[in-house]
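The figures here come from the full heavy-atom set of this structure, side chains too, leaving out hydrogens, waters and symmetry mates. Keep in mind that this is a model prediction, so the values were computed, not measured. Lettering of chains follows the sequences in order, A, B, ..., and the numbering in each one begins at 1.
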Amino acid sequence: MMHGYGVYVWSAYAFTALILLMTVLQSRRLRQRVIKKILRQ
Amino acid sequence: MWHWFYQFASPKIFYLRTNTISRWLTGLCMFLLILGSAAGLFITPPDYQQGEAVRIMYIHVPSAFCSLAIYSFMTLNAVMFLIWRIKINDILCQVAAPIGASFTIIALVTGAIWGKPTWGTWWIWDARLTSELILLFIYLGNIGLRQALPPRNAGFAVAIFTVIGFVDIPLIHYSVNWWNTLHQGASLSAFERPHIAMSMLWPLLIMIAGFASFAATQILSRARSELLEREANHGWVQEVRIKV
């Protein structure tokens, strides 16, 4: 499938997935940092 | 209905109620993104001119939509914060900025990747592309301004900055009508029939809903964390900390 353009399509999807994953991980990291801070109090 | 809505101005009620909303949104978001990606990659037909490259549309258009929608959401919250000084509005404005910047980066990069096979170039200083790039700088300026100022003053200054930056949103939206651009005009409009085949429209709408629900889950998740951090010394945080 995707004759000739496969590399463009998959690159675009992979880049998007990477950014969305980084966004999720950053949110989780923020949450864990806050929870640790509260539990320390 | 308004009474139910007003209650969200209370940090405690916002934190407790958004827990359930977040869970539902996460499930919905995953379902829509998996379905939309599978449909966009494997089910929809190739375009008669662009061929398979058209599949980039299913991520480029939703991310561009979210970049504008999130900034509009931030502006709404900034205005509400300036008028009523509601803490939640400031928090939502703060946490939405990095999410909006991420979607703007996705829109610009996927647009460049799509541009190479269809236009023959990665980038051109076209009105639509340039105004979207300016939006990225506005997002980055917004994030930088908040970090540069002491927390006490940051909310007010960032809210003013956000409202001024909103000028770019109609510029981006109407750029394809006001100037001669290489970028095509709108295929989707709230008031007109879509200029796109139904076989391509439904996965596109699913992906737009998926990206929007992803943005909502991330904004809510970060807002809840930020709220806990800001209110760490309040009694209600000590009550809910048993659950976290």
(message) If I take atom CD from residue Glu229(B) and atom CG from residue Leu30(A), how far apart are they, to the nearest 0.5 angstrom?
(response) 7.0 Å
(request) With a 4.5 angstrom heavy-atom cut-off, could you sort out which part of Gln32(A) is near chain B: side chain, backbone, both or neither? (result) neither
(message) Hydrogens and angles aside, do Ser27(A) and Gln218(B) bring a side-chain donor and acceptor to less than 3.5 Å of each other?
(response) yes
(message) Donor-acceptor check, side chain of Tyr13(A) to backbone of Ile56(B), threshold 3.5 angstrom: yes or no?
(response) no
(message) Using heavy-atom distances under 4.5 Å, tell me whether Pro46(B) contacts chain A through its side chain, its backbone, both, or neither.
(response) neither
(request) Could you tell me the separation between the OG atom of Ser225(B) and the CZ atom of Arg28(A), rounded to the nearest 0.5 Å? (result) 11.0 Å
(message) If I measure from the heavy atoms of chain A, does Ser221(B) come under 4.5 Å with its side chain, its backbone, both, or neither?
(response) side chain
(message) Just verifying a value: how many Å separate Tyr8(A) OH and Thr110(B) OG1, rounded to the nearest 0.5 Å?
(response) 14.5 Å
(message) Could you check whether any side-chain heavy atom of Phe214(B) comes within less than 4.5 Å of a side-chain heavy atom of Thr23(A), counting everything from C-beta outward?
(response) yes
(request) For residues Val109(B) and Thr16(A), determine if any side-chain heavy atom of one lies less than 4.5 Å from a side-chain heavy atom of the other. (result) no
(message) Under 4.5 Å from any heavy atom of chain B, what part of Leu18(A) do you find: side chain, backbone, both or neither?
(response) neither
(message) So for Arg33(A), is it side chain, backbone, both, or neither that comes closer than 4.5 Å to the heavy atoms of chain B?
(response) side chain
(request) Any chance you could measure Leu228(B), atom CG, to Ile35(A), atom CD1, to the nearest 0.5 Å? (result) 7.0 Å
